[in-house]
Each structure stands twice: as structure tokens, then as C-alpha cells.
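Heavy atoms only: backbone and side chains are in, while hydrogens, waters and symmetry mates are out. Numbering of ligands and ligand atoms starts at 1, following listing order.
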Amino acid sequence: MKNILMYSDEISRVEYDPNHPFKPGRGKHLMELLKRYSLIYEDNQQIITPEPLNEELLYLAHTRYYIDLFKRADEGEFRLEMLEAGLGTGDNPIFRGMYRFSMITAGGTHQGAMMLMNDEARFVFNPIGGFHHAGKNHAGGFCYINDIVIAAADLVRKGKRVAYIDIDVHHGNGVQNAFYRSNNVLTISIHESGRTLYPWSGFENETGEGDGFGYNVNIPLLKGTDDEVYVYAFESIVPPLIESFKPDIVFAQIGGDAHREDPLAHFRLTSNGYKKAVRIINDISPKILAIGGGGYNEYKTAALWTLAWAVFCGLEPCDHYAGVVGGMMYGPEAHAGRLEDEPFVANGVDKDESFAHARDVVAYIKKNVFPVHGIR
Ligand SMILES: [Zn+2]
């Protein structure tokens, strides 16, 4: 079965605002690295230029009121209600073309989901997708249209079981809220604690309501979390839940902002911990829809996505150009350094504290959530 990359030059050229940290240009950096490391153009791979989403599908995730405001803002109209809906803020500026940008990114995620459902692919990656903070009636955290909720909700109404694993450093609050009362979507988010990071939510006791009780799982970890603590928590919780839930399709929001060089968050992951989480996702999932999410060190994020792409496609990165120009680096690597990081293990009081906290969170989930799924 095929591995698909959703790639759009048009989307890679979009800028929210020159000083805005969210850079769609990461898609282009990814493409350069995939070429450099011989990870693209395999026989079982296909690059698809995504089409805009069918407009009716927007209402699977958003209210007509919000979409109407969003379109008017895109057309240059200004109303106070827009600010109340999160439009025109520092995080979510109003920029020309934002409606088309959102429709194409959501279109790519939705098209990927449909291809997986129809057995046309085993793995799809939409790097400029994964807008997990967008809410039903508001924008937030650099997200306008929640492509994840739209695609997952459409799969659910077509009778599919969807699991969502979010390894972006921020809590996937928009996805949590959309499926909080549903047991058709198992939502798991591992992130920096809401005590120190936007969106200030995602605590372990947010476990779903009604039919959804036990189907919303949060693994908040303390700032300073390193690979060791992260992998311990991820391995303890994610595989047993996915194995028991038996999803048809797994969504993986693989934001690169848990990396220690990310400027907006406070984890200390290296590519080693990130890759381990990705490898586990690959091993436990029948079909995977990966979406890029955050990552504000642009080049490092592109490097992490490159490693994820290689894992999901079952390939090893191979640099044919290494040493060619007297060992000189060029292209995005000049900024990213090497594709993979040296191992890093934190120690000291902070480390003990973050490990103890992770153990408490894991114990809480095992005690309160695992029984819902019959996991002993
Ligand atoms: Zn993020």
C-alpha cells in the first residue's frame, strides 16, 4: 500500500505575518530534506497537491456563525465579534488568503483520511495540517480551521473508529473538546503541563464525559522533560490503550515543538525521544494519518518530520552528498545541523521532579482510565 505526502508549493509560500512564528515554509524545508536524504520518489510513494475542502464539511467542526465571520475577515471586513472569535489577535492575525490557506490544509487532511479509509494508502502525511487548537466557534493558538476534527468526524459518521495521538508539546484542546462525549474517537495528548504552557489545559483528570468517559486521555509532563521521562510515559500509556481500542485509523499530530531547541516551549527532547514515540505509533497503528502541527525552530522541525517520514515509510535516511563539497553543509542542514541529535539525558533535582510527576500521571491514568478499556 501507498505512502502519500500532501505537498503544496502554494501553501509553503504563505505567511501569516513576517514576524509570526508559525511558518508554512516548513513544508518546503521538509521536501528539501526528503530529497537530500533519498526518502522520496520511491515506487510506493506518491506526492499529492491537496485541493480545497468541500465547504459543507467545515460544519462538522465549526458553527456557521464562526465560518461566516472567518470569511468576512478574509475579505477585509472588520467587526468586533471577530476579536471575540479570536480573529485578528497576535496569535491569529487576519491575513489575505487565510480562508484559502485553511481550506487547502484541511482539504489535504480530509483527502488523506478518505484515501486511508478506502485502502488506497497505509500512511499519509500532511505537514501543514494539524490545527489542534481551533475551536467550534473560535480561532486560537495559530489555528483557524480544525482539519483534524473535520476529518475524524467524517470518518466517524462513516462508521470508522479513530484514535488520535498528539505529540505536539501543546495540549490538543480543540480535538479534546470536539470529542469529549464520544467513545468513537480515542483522544490521547502528551504535552507540557498547562501550568506552564498554552492552552493551560490538558490535565490528567480531564478524561471525557458521558459515553466519552475514559476516551480522552491527557499526559501532562513538567517543563524540562527529557527523552527518558517522555518515552517512559508514552510507552506506559499509549500502546495498551491503542491495542485495546482497535482503531481503524490513527491520527498522529507530530508537532516538532517538544524539541529542546524550540523557542516557544520548555521540553528538552532530542530527535531520539521524538523518533521513539513515532516508531511506537508506527508499530501499533494499522493506518496512519500524520499531520505536522507546531514546531517553531523551522529547520529542526523539518528535520524531525524527515525522521518521522522515514520511520512511517520504513526507510533509512541516506545522505548521498555527505562530504561532497569538502564536508561543507548547505541548504536547510546549515541551520538544522545534523538530521539526528546526540543523546541528551537531564539530571539533578529538576529531573527527579519531572520523573516523579510523570510516574504520578501514569499511575492516575492506569487507575482511572485503563479499567474503562478492560486493561489490567
Ligand atoms: Zn504546539
Side-chain angles (χ1 to χ4, degrees), residues 16-17 19-27 29-30 86 89-93 101-102 105-106 109 125-135 138-149 164-178 187-203 206 217-227 230 233-234 251-271 273-275 277-278 281 289-305 307-308:
Y16 281 25
D17 176 284
N19 298 317
H20 197 284
F22 188 88
K23 300 291 185 199
R26 291 172 303 158
H29 302 321
L30 168 70
T89 63
D91 277 2
N92 289 82
F101 168 78
S102 297
T105 52
T109 301
F125 183 27
N126 183 17
I128 312 302
F131 294 98
H132 61 169
H133 298 308
H138 63 91
F142 316 158
C143 306
Y144 300 89
I145 295 294
N146 201 315
D147 58 315
I148 303 163
V149 171
Y164 172 68
I165 305 172
D166 185 329
I167 65 171
D168 187 287
V169 78
H170 300 92
H171 172 225
N173 57 339
V175 184
Q176 163 169 313
N177 294 343
T187 304
I188 307 173
S189 180
I190 181 167
H191 47 258
E192 181 176 331
S193 169
R195 281 192 234 162
T196 49
L197 193 68
Y198 177 91
W200 322 113
S201 54
F203 294 95
E206 297 164 31
V217 181
N218 284 306
I219 311 172
L221 300 172
L222 297 187
K223 61 179 183 175
T225 286
D226 68 355
D227 287 342
Y230 190 89
F234 191 90
F251 284 32
Q253 205 273 27
I254 57 169
D257 42 13
H259 193 273
R260 60 194 295 226
E261 288 166 38
D262 190 89
L264 299 191
H266 320 97
F267 271 6
R268 287 189 284 181
L269 259 61
T270 69
S271 64
Y274 178 89
K275 207 170 138 183
V278 167
I281 294 171
L289 177 58
I291 43 260
Y296 305 98
N297 179 324
E298 311 180 46
Y299 298 102
K300 187 47 81 178
T301 300
L304 293 175
W305 287 348
L307 292 169

Problem set entry | Heavy-atom check, side chain of Pro220 versus side chain of His191, under 4.5 Å | yes

Problem set entry | Name of whichever N/O/S atom of Asp257 is nearest to the Zn ion (ligand 1) | OD2

Exercise. Is a side-chain donor or acceptor of His20 paired with a backbone partner of Asp91 at a separation under 3.5 angstrom?
Worked result: yes

For this session: Specify which N/O/S atom of Asp168 comes nearest to the Zn ion (ligand 1), by atom name.
Result: OD1

For this session: Apply the ring-ring contact (aromatic ring centres under 6.0 Å, His included) test between Phe142 and each candidate in Phe101, Phe131, Tyr296; give the one that qualifies.
Result: Tyr296

For this session: Would you name the N/O/S atom of His170 that lies closest to the Zn ion (ligand 1)?
Result: ND1

Exercise. Between His132 and Tyr164, does the ring centre distance come in under 6.0 Å?
Worked result: no

